[in-house]
Number of protein chains: 2
Amino acid sequence: MSTIYDVARRAGVSPKTVSRVLNSDGPVGEKTREAVEAAMRELGYVRSNAARMMRAQKSGIIGLITGAISTKNQPSTQQGLPDLYIVQGIQRALESSGMTVMIADTAGRNDRVPHLIDTFLSHRVEGLIYVAEYHQEVNLTQLPDDTPLVLANCFDARGTPAVVPDDRRLQRDLVRRLIAAGHRRIAYLSLRPDMVAGRLRPQGYREALEEAGLPFDPALLQHVDFDQPEIGPQLLWDTIDRMLQLDQPPSVLCCGNDQMAMMVYGILRSMGRKVPDEIGVAGFDNYRAIAETLYPPLTTVDLPYNAIGVRAGERLMQLISGDGRNDHSPVQVAGPVHWRASVTELRPENVISFKTPREEKQ
Amino acid sequence: MSTIYDVARRAGVSPKTVSRVLNSDGPVGEKTREAVEAAMRELGYVRSNAARMMRAQKSGIIGLITGAISTKNQPSTQQGLPDLYIVQGIQRALESSGMTVMIADTAGRNDRVPHLIDTFLSHRVEGLIYVAEYHQEVNLTQLPDDTPLVLANCFDARGTPAVVPDDRRLQRDLVRRLIAAGHRRIAYLSLRPDMVAGRLRPQGYREALEEAGLPFDPALLQHVDFDQPEIGPQLLWDTIDRMLQLDQPPSVLCCGNDQMAMMVYGILRSMGRKVPDEIGVAGFDNYRAIAETLYPPLTTVDLPYNAIGVRAGERLMQLISGDGRNDHSPVQVAGPVHWRASVTELRPENVISFKTPREEKQ
DNA sequence: CCGTTTCATGACACCGATGTCATGACACCG
DNA sequence: CGGTGTCATGACATCGGTGTCATGAAACGG
């Protein structure tokens, strides 16, 4: 691979002049510039990042640690790959800055994280982002260095800058919407309470009920460990069965996530209950491969992974450029409700208030 | 960040000696080694890859180009993220070699590929892998350089080393298994024929029929563009309806992929047909988030994305180490059938032949 | 006890790009 | 016409490791 020296020789100038052409510092004569550019083209010259970053003491590299790519071995993981969208968002946010993103995968083993961090440091990354597979608290080994770190989809006790989904608010918005559609008996099938989402989402559910003056019925809030290998479907079946046996059964089942909702579809139909006519189903995530393909399509709320990534990327760029605003509270990100055919509008008159001005004009 | 010079000064030795400790070339006295290691620990020394690769003229970096991370904007993409498993496989294959994998995302725009390649070349990557979102033919701009390139999940007309799924064989194996289970009228709902999978998989289906001496009925092989935004479900509904109206309706619906199978579940149930008692459903991909969670779980065949990645990584390492075996035929990878509850065994006696020796002992 | 080999270590150059400073050629101004 | 400023360009050092070669000391053999 050719170097600036090769280019310089071919163009009959000094290496420094080639450098000037490359970087547009200092002045370069018109003819010289053309000669240099021609030489570069002819040699297929590509500038060496290694030499460059060595001199400049800047790598232009951002390190990204994620389990996204190999999450499937973990037993209790729900759908698996959503945090890929976070990575996508990060890339989008960093694209304009000219940074190169280097992604390392934990391969499902958290004990490899220190090694990955070491590799990144040896590349002299200018910043690090750790992306968790699902909203959780983490505890990374302290970075020995002053390299900035941002946590995405997770947080820690040290107050490291973090960006997380606003589970509470998202669930509240969805349940609000269900209430607005006329539903009064809303069941909530929650994820395990040892997951952050399994705690925050039920909170949002209860908040929406309270706001609307609806009573909270403990019988309608159940935690279900639905993704257990064997017994998961049984647990879910049993929980739904009990709810439907109640004196006042629910008119809609709110599920902890879209994958649970998919399983609920099958169970309800095996029970001979029609969705949405006899009972509605709502999800959480807007995991589109599921939500849009299910039949009928699933009402759910957008867990904005993309936005989380973008925000995390932006936050990191701030830190790198020295904007050390010590915001110890994590950034919370929310997203829109997606209303689809899996829940009926019990009171059609309510629908009107949800039309946009534009639609009303038509 | 400290350098070998800092370490050397602290340990009272020369930089070269520190280098020797790092790389275990040349001999180093016991005491000296300890002093150097202590100094490194105290300073939190991490060796600079930039300087290293500059001297060694080796970057230790593999470039990976994929649309995996941002595929969702594309209109005609089926499920979206499976090629992430390919990336995982590649990482696994390259892990032991000490290479660092740098992933670049096309952000859904193929016109960015040349730019990404340039970035990689400026990092002096030692090899490149291009990962396609689904099995397809591609046409990358010729690499100006002698950097080795491997295609994963795609191939080109130039005979670039490639690793692809063996769609034909996978489908044949699945249909064989259905036939072994006693099914004789097997319908095939294919993906669009302009996709490679939409051509190869039906071929495998027909091969399995021929092998078994079963007649091929054109009415049972239909292409369905099921993931069209609006009309997809309608098209699918209509196709299934027609098939079920036949004099000899099928006993099992073989779907082009798992996502289509998920949609078929909903449609069959809305038609009042029970799965698997009245009609069986089979998928393709073993997209576990769907196949295992659907109710009943889906019989499907493993599209071995992981293995494709591993093979691609291995192939690239061969090329880098100079093993230029000019294998112009793409490597074809297959995987196992996953038999789950969505298809019944019509003739139980057949099941015996599928028991493993171990099971028979019990 | 002297010549030769082995061991432990250091001096120095080099990889490729770029920051600093110097140099020569003009142009401009009083 | 001499002094000064601008422009175009190059020489040289530098970033942090590592390959090459040299050096001095200890060990070994006869």
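In this text, all values refer to a predicted model and were calculated from it rather than measured experimentally. Each chain gets a letter, A, B and so on, in the order the sequences are listed, and its residues count up from 1.
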Practice problem: Ignoring backbone atoms, establish whether B:T17 has a side-chain N or O less than 4.0 Å from OP1 or OP2 of C:dG10. | Solution: yes
With no hydrogens and no angle check, just 3.5 Å: does a side-chain donor-acceptor pair link B:S122 and B:T119?
no
Exercise. Should A:Y5 be listed as having a side-chain N or O under 4.0 Å from OP1 or OP2 of C:dT18?
Worked result: no
Separation of D:dC15 atom P from A:M53 atom CE, nearest Å, is 17 Å
Atom NZ of B:K31 and atom P of C:dA8 are separated, to the nearest Å, by 14 Å
Inset, instruction - Indicate whether OP1 or OP2 belonging to D:dT18 is found under 4.0 Å from a side-chain N or O atom of B:S19. - result: yes
Testing D:dA8, C:dC15, D:dT18 for proximity to the side chain of A:P27, the answer is D:dA8
State whether the side chain of A:R92 and the backbone N or O of A:G313 hold a donor-acceptor pair below 3.5 Å, judged by distance alone.
no
Rounded to whole Å, the CG-P distance (A:L22 to C:dG19) equals 12 Å
Any donor-acceptor N/O pair, B:R124 side chain to B:L121 backbone, under 3.5 Å: yes
Of the listed D:dG17, C:dT18, D:dT9, the closest approach to the A:R55 side chain comes from C:dT18
Ranking D:dG17, D:dG19, C:dA17 by distance to the side chain of B:K16, first place goes to D:dG19
Across every strand shown, the nucleotide meeting Watson-Crick or G-U wobble geometry with C:dC28 (both distances under 3.5 Å) is D:dG3
In short, A:C154 meets A:V138 closest at the heavy-atom pair CB-CG1, 3.9 Å
**Q.** N/O (side chain, B:S14) to phosphate O (OP1/OP2, C:dG10) under 4.0 Å
**A.** yes
Would you call the rings of B:F155 and B:H135 parallel, tilted or perpendicular, taking 30° and 60° as the class edges? perpendicular
D:dG16 OP1/OP2 closer than 4.0 Å to side-chain N/O of B:R52: no
Taken to the nearest whole Å, CG/A:D25 to C1'/C:dT20 is 12 Å
DNA chain C nearest-nucleotide lookup for B:E30 and B:P15: closer to the 5′ end is B:E30
Shortest non-hydrogen pair, A:V333 vs A:A307, comes out as CG1-CB, 3.7 Å
Of C:dG16, D:dG16, C:dA8, the nucleotide closest to the side chain of B:A51 is D:dG16
Here the distance between atom C1' of D:dA11 and atom CD1 of A:I4, to the nearest Å, is 13 Å
Would you classify B:R20 as touching base, sugar-phosphate or nothing, given that sugar-phosphate means primed atoms plus P, OP1 and OP2, and contacts are heavy atoms under 4.0 Å?
base
To the nearest angstrom, the OH-C1' distance between A:Y45 and C:dT18 comes to 11 Å
To the nearest angstrom, the CZ-C1' distance between B:R47 and D:dG16 comes to 11 Å
Remember a base hit wins even if backbone is also touched, and classify A:V18 as base, sugar-phosphate or nothing at under 4.0 Å, heavy atoms. nothing
Legend entry - Sugar-phosphate, base or nothing in reach of A:R124, heavy atoms under 4.0 Å: sugar-phosphate
Checklist entry - Below 4.0 angstrom from OP1 or OP2 of C:dA17, is there any side-chain N or O of A:N23? => result no
Closest to the side chain of A:T32, out of C:dG10, D:dA8, C:dG16, is D:dA8
The nucleotide from D:dG16, D:dA8, D:dT18 with an atom nearest the side chain of A:Q57 is D:dG16
From CZ of B:R33 across to P of C:dA8 the rounded distance in Å is 10 Å
